[in-house]
Amino acid sequence: MGSARIFIQSDWQQALRKADGEAWVSCKIAGKPTIYGCLKCLGVGSDGIPHITSSDEFVVHAVTKKSISVSCPSENTSSKFLSPYTGFARIHGKSITCMDVSSGGGLGLSTSTDGSMKIWQTNNGEIRRVLEGHIYDVNCCMFFPSGMVVLSGGMDSQIKIWSVEDASCPVTFKGHQAGILDLAVVDRGRNVLSCSRDGTARLWDCGRSSCLAVVAECGVPINGMCIGVPDNTVNLGSHEEPPSDREVGTGGKLLLLAREDKKLQGVSVQSRTPIFVFDGSDAFNCCTFISSMSVLAGTQDGNIYTLDVRNTRTPVQTLCKSGAPVLSLMPFGEGFIASQGDGTCFVLQQDSAQVLELIGPDYDPVYKRGVQSWVAAMDKLVYTCCRDGIIRKYQLTDL
């Protein structure tokens with residue numbers, strides 16, 4: 001991804017659906033003046049697809065009812081923009097900060113600055129359960145692999161486990177001294193992990209509602225975490241004592257920690273051994289595995305680092321699409337999805353030079369989102385949540 005980046009009017013689909021409709025387009029280039037242009041609808045075909053032309057600085061390559069591909073030849077860059085398939089505006093009343101989608105794809109889970117956490121149907125946005133019990137805001141939430149249990153962490157320093165069936169909360173973990181910032185489930189979920197503003201990452205026993213271990217003490221807030229299985233050539237160390245029989249599935253696992261002090265750290269979950277520390281350009285906000293060898297990590301100043309876990313001294317690649325904070329990263333197909341604080345959410349595939357931009361939020365921050373592949377229909381659905389309080393649903397095909 002080069003330094004040039006194309007922007008388009010977020011409601012282009014509505015603006016260009018009638019003859020003579022216009023929408024703006026621009027190309028921002030680091031260290032150069034922005035290139036401005038215009039898109040215009042010349043008419044709409046019998047299939048409902050508009051015929052769109054552009055001003056001289058840009059070229060329109062393909063248009064469907066939901067997408068448009070535009071390039072800026074002078075900067076050798078192109079992007080495909082995809083509008084949402086649908087959106088749910090009535091689930092929450094205020095900014096949505098985190099969401100997840102169940103493994104079966106039928107249920108969504110989201111939290112909001114209105115203090116609520118809700119389970120809803122992904123086909124129509126109908127609310128199924130309201131999960132009440134945290135004091136203050138809920139910072140993070142996720143489904144267990146079964147899709148029938150929910151894990152959440154709040155500003156109240158508590159981690160809770162909920163039943164999807166009846167919204168009951170049978171388990172509450174206490175031990176952190178500050179707000180919970182991220183969570184991870186180990187395998188099927190007999191153990192879970194959490195990280196907090198208090199600078200610690202902890203391993204919990206769900207069956208006994210107890211803390212098994214402090215996996216890492218960083219001394220600074222840990223903004224994000226991800227657990228994965230690294231390449232078997234990575235030495236994860238050994239525990240001085242045999243792990244507790246309450247610890248299930250931690251062997252061979254590496255925990256990534258996105259730290260506030262500009263460091264990405266890798267820690268062996270079972271041995272608690274620090275494996276690597278990588279120094280970035282700014283505070284790390286999020287991280288994820290994209291394979292057993294490669295991890296991604298995003299920073300507050302907009303960098304996305306690709307690291308090889310076998311040798312983390314030098315990044316394999318550093319992308320900077322904009323200077324906006326990288327708020328979330330998720331593996332997707334042969335690439336990944338990233339969202340940023342300026343409202344952009346994009347998909348980048350390994351073998352494609354073209355960026356797929358998911359548009360809709362009018363440059364409001366796009367927070368954590370869930371991804372669900374619908375295998376039966378061979379379609380891919382992506383859900384995003386945003387400060388504007390709307391959950392958007394995108395249908396990705398032919399990627």
Side-chain angles (χ1 to χ4, degrees), residues 1-30 32-45 48-87 302 319-327 335 337-349 352-366 369 382-388 390 392-399:
M1 197 187 303
S3 59
R5 176 184 178 194
I6 299 175
F7 290 83
I8 192 173
Q9 187 171 316
S10 63
D11 63 347
W12 71 270
Q13 188 185 2
Q14 287 74 35
L16 298 174
R17 67 172 140 191
K18 291 183 179 180
D20 295 324
E22 293 186 355
W24 60 263
V25 62
S26 66
C27 182
K28 293 187 177 180
I29 312 103
K32 295 183 181 179
T34 299
I35 299 171
Y36 295 97
C38 180
L39 304 176
K40 186 171 183 178
C41 176
L42 301 182
V44 180
I49 297 174
H51 177 49
I52 298 172
T53 61
S54 68
S55 50
D56 292 343
E57 306 87 350
F58 296 89
V59 177
V60 176
H61 295 277
V63 180
T64 71
K65 290 182 179 180
K66 292 289 183 183
S67 69
I68 183 169
S69 296
V70 181
S71 69
C72 181
S74 65
E75 298 302 321
N76 193 29
T77 188
S78 67
S79 288
K80 181 176 182 179
F81 299 90
L82 181 67
S83 293
Y85 169 71
T86 189
L319 304 176
C320 188
K321 197 164 184 292
S322 76
V326 182
L327 300 178
I337 302 175
S339 68
Q340 295 187 265
D342 60 0
T344 57
C345 186
F346 63 92
V347 184
L348 192 61
Q349 295 293 299
S352 174
Q354 189 179 64
V355 179
L356 177 65
E357 302 264 6
L358 307 182
I359 62 173
D362 194 12
Y363 303 107
D364 274 338
V366 176
R369 75 261 138 303
V382 176
Y383 299 80
T384 68
C385 62
C386 185
R387 190 170 63 186
D388 64 8
I390 300 173
R392 292 174 173 84
K393 182 178 180 180
Y394 299 83
Q395 189 165 351
L396 278 64
T397 55
D398 303 324
L399 280 183

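Not measured: the values here are computed from a predicted model.
Under the 4.5 Å side-chain criterion, counting only non-hydrogen atoms from C-beta, K66 is not in contact with Y394. When side chains are defined from C-beta on, S74 counts as touching C72, because their heavy atoms get closer than 4.5 Å. Looking only at side-chain heavy atoms (C-beta outward), K40 and I52 stay at 4.5 Å or farther from each other. You'll find the side chain of W12 stays beyond 4.5 Å of the side chain of V25, heavy atoms only. Using a 4.5 Å cut-off on side-chain heavy atoms (C-beta onward), L358 and L396 make contact. With a 4.5 Å cut-off on side-chain heavy atoms, I68 and L39 count as touching. Residues L319 and L348 meet the side-chain proximity criterion, which asks for heavy atoms closer than 4.5 Å. For the pair V70/S54, no side-chain contact is recorded, criterion being any heavy-atom separation below 4.5 Å from C-beta on.
Residues V44 and C41 come closest through the heavy atom pair CG2-SG, 4.3 Å. Between C27 and I29, the shortest heavy-atom distance links the atoms O-CD1, 3.4 Å. In terms of heavy atoms, I359 sits closest to Q9 at CD1-O, 4.3 Å. Summarising the geometry of Y36 relative to F58, their closest heavy-atom pair is C-CE1, 3.9 Å, with the distance given to 0.1 Å. Closest heavy-atom contact between I390 and D388: N-OD1, 3.0 Å. Heavy-atom minimum distance, A15 versus A23: CB-CB, 4.3 Å.
Atom CD of Q349 is separated from atom CD1 of I337 by 8.5 Å, given to the nearest 0.5 angstrom. Taking CZ from F346 and CZ from F81, the interatomic distance works out to 12.5 Å, rounded to the nearest 0.5 Å. Atom-to-atom distance recorded for Q13:CD and S67:OG is 9.5 Å, nearest 0.5 angstrom. Within the model, atoms CZ of R392 and CG of L82 stand 12.5 Å from one another, a figure rounded to the nearest 0.5 Å. A distance of 12.5 Å separates OG in S10 from CD in E357, rounded to the nearest 0.5 Å. Distance check, rounded to the nearest 0.5 Å: OG of S55 to CD of E22 gives 9.5 Å.
Although no hydrogens or angles enter the test, the distance criterion places no donor-acceptor pair under 3.5 Å between the side chain of T77 and the main chain of R5. Between the side chain of E75 and the backbone N or O of A4, no donor-acceptor pair lies under 3.5 Å.
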